[in-house]
Amino acid sequence: MRRLSPFATTLILLCLGTLFGSIDAKDCEAKQEIRMEILFMNHGPMQPTIRELKTLLGRYSGKVKADWFDYDQQSGKAFMRKKGITAHVPLVIYINGAYSFNTGGKQITFVGFPTGSGPYQFQGKWTFQDLDQVLGSVAGR
């Protein structure tokens, strides 16, 4: 008996889910690696945030692939051009190509320092709990 390829199986399940509403897009995403792109300023005030971010990502070992782009290095400058970033921003976190998510009834944008850390004028409106919630949702936890 011939087996279906993983692609064919996924396609059939997606079609059945569309017809019967039994498959959620998050279930499909959970089987794929989560891709993160992190643009950061490698300056002193950012170091506690970077350490905490690495600790959080450690809990998603094997599920998340994170690429780090230093704002001051050529790779960071190329990344900024690619993404159209022209502002002076200490941190931007992309998850599967997006940096803004609707979760828990609120819009979360992973730009700037987490709320309550770093210089006030560069604080974003997100927390590590928000980031963990989004990663958990995308990872299917």
Side-chain angles (χ1 to χ4, degrees), residues 2-141:
R2 195 173 135 186
R3 291 180 47 141
L4 293 173
S5 73
F7 174 77
T9 302
T10 301
L11 186 60
I12 290 169
L13 289 173
L14 285 173
C15 290
L16 288 173
T18 301
L19 288 173
F20 300 106
S22 62
I23 295 179
D24 191 281
K26 292 177 195 166
D27 294 332
C28 295
E29 290 176 10
K31 293 176 180 29
Q32 297 177 359
E33 184 176 63
I34 299 168
R35 180 104 170 136
M36 288 184 71
E37 296 167 304
I38 303 161
L39 174 68
F40 69 103
M41 288 185 173
N42 196 16
H43 302 170
M46 181 56 67
Q47 296 311 305
T49 298
I50 296 299
R51 283 192 297 274
E52 193 166 346
L53 182 54
K54 287 181 177 181
T55 298
L56 174 65
L57 293 179
R59 295 199 305 257
Y60 290 91
S61 179
K63 292 184 179 187
V64 173
K65 172 153 181 5
D67 292 319
W68 296 79
F69 299 92
D70 186 327
Y71 183 94
D72 293 320
Q73 301 299 316
Q74 285 303 323
S75 61
K77 292 178 188 327
F79 180 76
M80 289 173 62
R81 281 191 301 275
K82 175 182 162 188
K83 295 291 189 180
I85 299 171
T86 57
H88 182 84
V89 58
L91 180 69
V92 182
I93 302 171
Y94 290 87
I95 302 168
N96 291 343
Y99 61 88
S100 188
F101 298 84
N102 190 341
T103 183
K106 65 179 182 174
Q107 194 69 26
I108 304 292
T109 303
F110 296 112
V111 175
F113 283 85
T115 300
S117 66
Y120 179 78
Q121 68 271 27
F122 293 114
Q123 287 184 24
K125 293 184 175 160
W126 65 276
T127 64
F128 280 102
Q129 183 178 355
D130 295 328
L131 182 57
D132 190 28
Q133 184 177 0
V134 169
L135 287 173
S137 176
V138 174
R141 287 200 313 180

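Everything numeric here is computed off the predicted structure, so don't read it as measured data. Just the heavy atoms: all of them, side chains too, but no hydrogens, waters or symmetry mates, feed the values below.
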Flag if over 12 foreign heavy atoms under 6.0 Å of OH, Y99: no
Min side-chain heavy-atom separation L53-W68 under 4.5 Å: yes
Nearest non-hydrogen partners of A139 and K63, listed with the distance: CB-CD, 4.1 Å
Distance, nearest 0.5 Å, that separates CD1 of I38 from CD1 of I95: 8.5 Å
Taking every non-hydrogen atom, the tightest pair across V92 and Y94: CG1-CE1, 3.5 Å
Atom pair CG/CG of D67 and L39 - distance to nearest 0.5 Å: 12.0 Å
Separation between CZ of F40 and OH of Y71, rounded to the nearest 0.5 Å: 13.0 Å
Gap between atom OG1 of T49 and atom CG of L56 - 0.5 Å precision: 12.0 Å
Check: G136 main-chain N/O paired with Y60 side-chain donor or acceptor under 3.5 Å: yes
Atom of P48, atom of G44 and distance for their closest heavy-atom approach: CD-O, 3.7 Å
From T127 atom OG1 to D132 atom CG, the distance as rounded to the nearest 0.5 Å: 9.0 Å
Would you be so kind as to tabulate the donor-acceptor pairs closer than 3.5 Å made by side chains of residues 76-89, with sequence neighbours excluded?
unit_1, atom_1, unit_2, atom_2, d
K83, NZ, E37, OE1, 3.3

Give the table of side-chain donor-acceptor pairs shorter than 3.5 Å for residues 101-116, with sequence neighbours excluded, one pair per line with atom names and distance.
unit_1, atom_1, unit_2, atom_2, d
T103, OG1, Q133, NE2, 3.3
Q107, NE2, S100, OG, 2.7
T109, OG1, S100, OG, 3.1
T115, OG1, G124, O, 2.8
T115, OG1, W126, N, 3.2
T115, OG1, W126, O, 3.3

Note, I34 side chain near L135 side chain (heavy atom, < 4.5 Å): yes
Any Q47 side-chain heavy atom under 4.5 Å of N42 side chain: yes
Side chain to side chain contact (heavy atoms under 4.5 Å, CB included) evaluation trace for D72 with H43: CA-CA 10 Å; D72 293 320; H43 302 170; 2.8 Å; yes
